[in-house]
There are 2 protein chains.
Amino acid sequence: MSNEELIRKSGEILSDPRNQKEEIQALQDTMYVMGGKWRLMIINSICNGNRRFRDIQRSIPGITTRMLSRELKDMEANKLIKRTVTPSTPVLVEYSETDYCLSFGAIILEMIRWGKQHREKIRMTD
Amino acid sequence: MSNEELIRKSGEILSDPRNQKEEIQALQDTMYVMGGKWRLMIINSICNGNRRFRDIQRSIPGITTRMLSRELKDMEANKLIKRTVTPSTPVLVEYSETDYCLSFGAIILEMIRWGKQHREKIRMTD
DNA sequence: TTGGCTGGTATCATAGATTATACTGGTAAC
DNA sequence: GTTACCAGTATAATCTATGATACCAGCCAA
């Protein structure tokens with residue numbers, strides 16, 4: 001779908017009172033899954049090849065073990081990442097992105113694009 | 001861009017360490033602009049033709065004047081809506097969506113699509 | 001003149017998200 | 001035997017978003 005088509009269609013959708021509830025819910029679900037201060041950075045880190053807890057932590061300045069732990073658990077529950085335990089000594093725990101996580105790709109791309117444009121726009125008109 | 005292309009390209013981008021900072025920032029900007037409990041519902045309400053403060057408020061059950069006021073101000077600063085004052089008696093204040101607000105369309109569509117799929121997926125595998 | 005509408009602001013309270021800090025139990029290098 | 005790594009958990013504090021409630025000035029209608 002071209003960008004123009006998307007904008008046109010979104011205009012239709014936004015003006016269309018039908019199924020509003022379902023759509024708002026879908027939006028809120030998506031925001032919930034993406035939500036939180038660290039989520040996108042964690043996805044990013046894992047997709048960049050960081051697989052182990054401490055590696056991910058080191059790659060994201062400022063994140064605490066508590067938050068990383070919580071987020072990883074939550075993302076696993078939402079099937080965005082996979083947690084693999086190898087019972088060696090010491091135990092090896094690895095996190096990896098799922099295909100599902102990559103299915104986020106379209107949204108992430110659009111958001112990056114929009115965010116860059118937005119910053120430019122705000123900068124220009126201030 | 002097709003969905004397959006988007007997913008492939010997002011894979012590239014997510015695996016690409018270049019410009020990560022800028023991209024994370026763009027993502028966070030976008031999330032900030034979309035963020036909050038009421039934002040999407042307000043956009044929706046205005047796009048559905050509600051233009052005046054009390055009308056918008058009435059169309060969104062549960063929102064307080066405080067939150068609506070804050071959100072409208074913020075959205076105006078971010079150029080998502082336009083505030084027009086007509087100096088009649090009494091003063092008439094109208095809010096309307098900007099083209100820029102509609103440029104959100106691509107993201108919103110993707111998010112709706114993803115959210116629906118997600119709900120389905122979670123439902124199926126529980 | 002009491003009550004309602006308009007478009008909001010001000011003040012305080014609460015709940016949830018995030019941070020700070022310390023700690024665990026096991027392994028291993030120095 | 002002390003230090004450091006691993007993958008986290010536990011507890012408490014704080015910060016921020018949201019909610020509850022009251023209020024403002026101006027206008028109109030009964």
Side-chain angles (χ1 to χ4, degrees), chain A residues 24-25 27-46 49-78 80-97, chain B residues 24-25 27-46 49-78 80-97:
Chain A
I24 290 285
Q25 173 129 78
L27 278 167
Q28 287 180 332
D29 287 355
T30 304
M31 293 198 70
Y32 175 75
V33 172
M34 306 187 65
K37 185 173 174 183
W38 303 105
R39 187 67 54 97
L40 292 170
M41 294 190 241
I42 295 170
I43 290 180
N44 196 250
S45 172
I46 293 175
N50 294 303
R51 303 235 160 295
R52 303 176 62 176
F53 193 91
R54 296 295 178 194
D55 289 337
I56 298 168
Q57 186 170 19
R58 267 189 293 269
S59 75
I60 303 173
I63 196 170
T64 59
T65 55
R66 172 161 161 49
M67 285 312 291
L68 181 55
S69 173
R70 266 193 35 153
E71 292 291 295
L72 289 173
K73 248 183 224 158
D74 213 69
M75 290 168 76
E76 199 198 351
N78 280 299
L80 290 172
I81 55 174
K82 202 159 76 76
R83 181 176 184 271
T84 313
V85 182
T86 309
S88 53
T89 49
V91 156
L92 176 64
V93 180
E94 285 181 305
Y95 295 94
S96 53
E97 74 276 17
Chain B
I24 290 286
Q25 173 131 78
L27 278 168
Q28 288 181 330
D29 287 355
T30 304
M31 294 198 69
Y32 174 74
V33 173
M34 305 188 65
K37 186 174 176 182
W38 304 105
R39 188 66 55 96
L40 292 171
M41 294 190 241
I42 294 170
I43 290 180
N44 195 249
S45 172
I46 292 176
N50 294 302
R51 303 235 159 296
R52 302 177 63 179
F53 192 91
R54 296 294 177 196
D55 289 338
I56 299 168
Q57 185 171 19
R58 267 188 294 269
S59 77
I60 303 172
I63 197 168
T64 59
T65 55
R66 171 167 159 46
M67 287 311 292
L68 182 53
S69 172
R70 267 194 36 152
E71 293 291 295
L72 288 174
K73 247 182 227 159
D74 214 68
M75 291 168 78
E76 197 198 351
N78 280 300
L80 291 172
I81 56 174
K82 201 160 78 75
R83 183 176 183 271
T84 312
V85 182
T86 308
S88 53
T89 49
V91 158
L92 176 65
V93 180
E94 285 179 306
Y95 295 94
S96 53
E97 75 275 18

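Worth knowing before you read on, the calculation uses all heavy atoms, side chains too, and leaves out hydrogens, waters and symmetry mates. Quick note on labels: first sequence line is chain A, next is B, and so on, each numbered from 1.
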- Task: Please report, rounded to the nearest Å, how far the P atom of D:dA7 is from the CD atom of A:Q57.
- Result: 10 Å

- Note on the structure: Taking for B:R54 and for A:Y32 the nucleotide of DNA chain C with the nearest heavy atom, the one nearer the 5' end belongs to B:R54

- Message: Under 4.0 Å from OP1 or OP2 of D:dG19: is there any side-chain N or O of B:K37 that close?
- Response: yes

- Rounded to the nearest 0.5 Å, how far apart are CD1 of B:I60 and CG of B:L40? 10.5 Å

- Length of the CE-C1' vector between A:M31 and C:dA17, whole Å: 15 Å

- Message: From CG of B:N50 over to P of C:dG7, roughly how many Å is that when rounded to an integer?
- Response: 12 Å

- Message: Can you give me the closest heavy-atom contact between B:R39 and B:Y32, atom names plus distance?
- Response: NH1-O, 4.4 Å

Between the protein and nucleotides 9-11 of chain D, list every N/O to N/O distance that falls short of 3.5 Å.
residue: D:dT9; atom: OP1; partner: A:K73; partner atom: NZ; Å: 3.1
residue: D:dT9; atom: OP2; partner: A:S69; partner atom: OG; Å: 2.5
residue: D:dT9; atom: OP2; partner: A:K73; partner atom: NZ; Å: 3.4
residue: D:dT9; atom: O4; partner: A:T65; partner atom: OG1; Å: 3.0
residue: D:dT11; atom: O4; partner: A:R66; partner atom: NE; Å: 3.2

- B:M41 side, atom CE; B:L68 side, atom CG - distance, nearest 0.5 Å: 12.0 Å

- Message: Could you tell me how far apart B:L68 (CG) and D:dT21 (C1') are, to the nearest whole angstrom?
- Response: 17 Å

- Message: Less than 4.0 angstrom from a charged side-chain N to a carboxylate O is my criterion; do B:R66 and B:E71 meet it?
- Response: no

- Item | Closest approach of B:L72 to B:I42 (non-hydrogen atoms, all atoms of both residues) | CD2-CG2, 4.0 Å

- Item | B:R52 CZ - C:dT6 P separation (whole Å) | 7 Å

- Verdict with supporting geometry, A:L92 and A:R52, side-chain contact (heavy atoms from CB on, under 4.5 Å): CA-CA 8 Å; A:L92 176 64; A:R52 303 176 62 176; 3.3 Å; yes

Look for any protein N or O under 3.5 Å of an N or O in nucleotides 26-30 of chain C and output each such pair with its distance, or none.
none

- Item | For atom CD of A:E71 and atom P of D:dA7, their distance in whole Å | 18 Å

- Message: How many whole angstroms separate atom CD1 of A:I81 from atom P of D:dA7?
- Response: 13 Å

- Message: Side chains of A:I43 and A:M34, heavy atoms from C-beta outward: is any pair under 4.5 Å?
- Response: no

- Respond yes when some side-chain nitrogen or oxygen of B:R58 is under 4.0 Å from OP1 or OP2 of C:dT6, and no when none is. yes

- Task: Would you check, one step at a time, whether the test side-chain contact (heavy atoms from CB on, under 4.5 Å) holds for A:T65 with A:R54?
- Result: CA-CA 9 Å; A:T65 55; A:R54 296 295 178 194; 3.2 Å; yes

- Item | N/O (side chain, B:Y95) to phosphate O (OP1/OP2, C:dG8) under 4.0 Å | yes

- Task: Return the value, rounded to whole Å, for the distance between atom CG of B:D74 and atom P of D:dT18.
- Result: 10 Å

- Task: Determine: side-chain N/O of B:R83 to OP1/OP2 of C:dG8, distance under 4.0 Å, yes or no.
- Result: yes

- Message: Looking at A:D74, is its backbone amide N or carbonyl O close enough to the side chain of A:N78 to form a donor-acceptor pair, meaning the two atoms are under 3.5 Å apart?
- Response: yes

- Checking all strands, does A:G62 fall into the base, sugar-phosphate, or nothing category for heavy-atom contacts under 4.0 angstrom? nothing

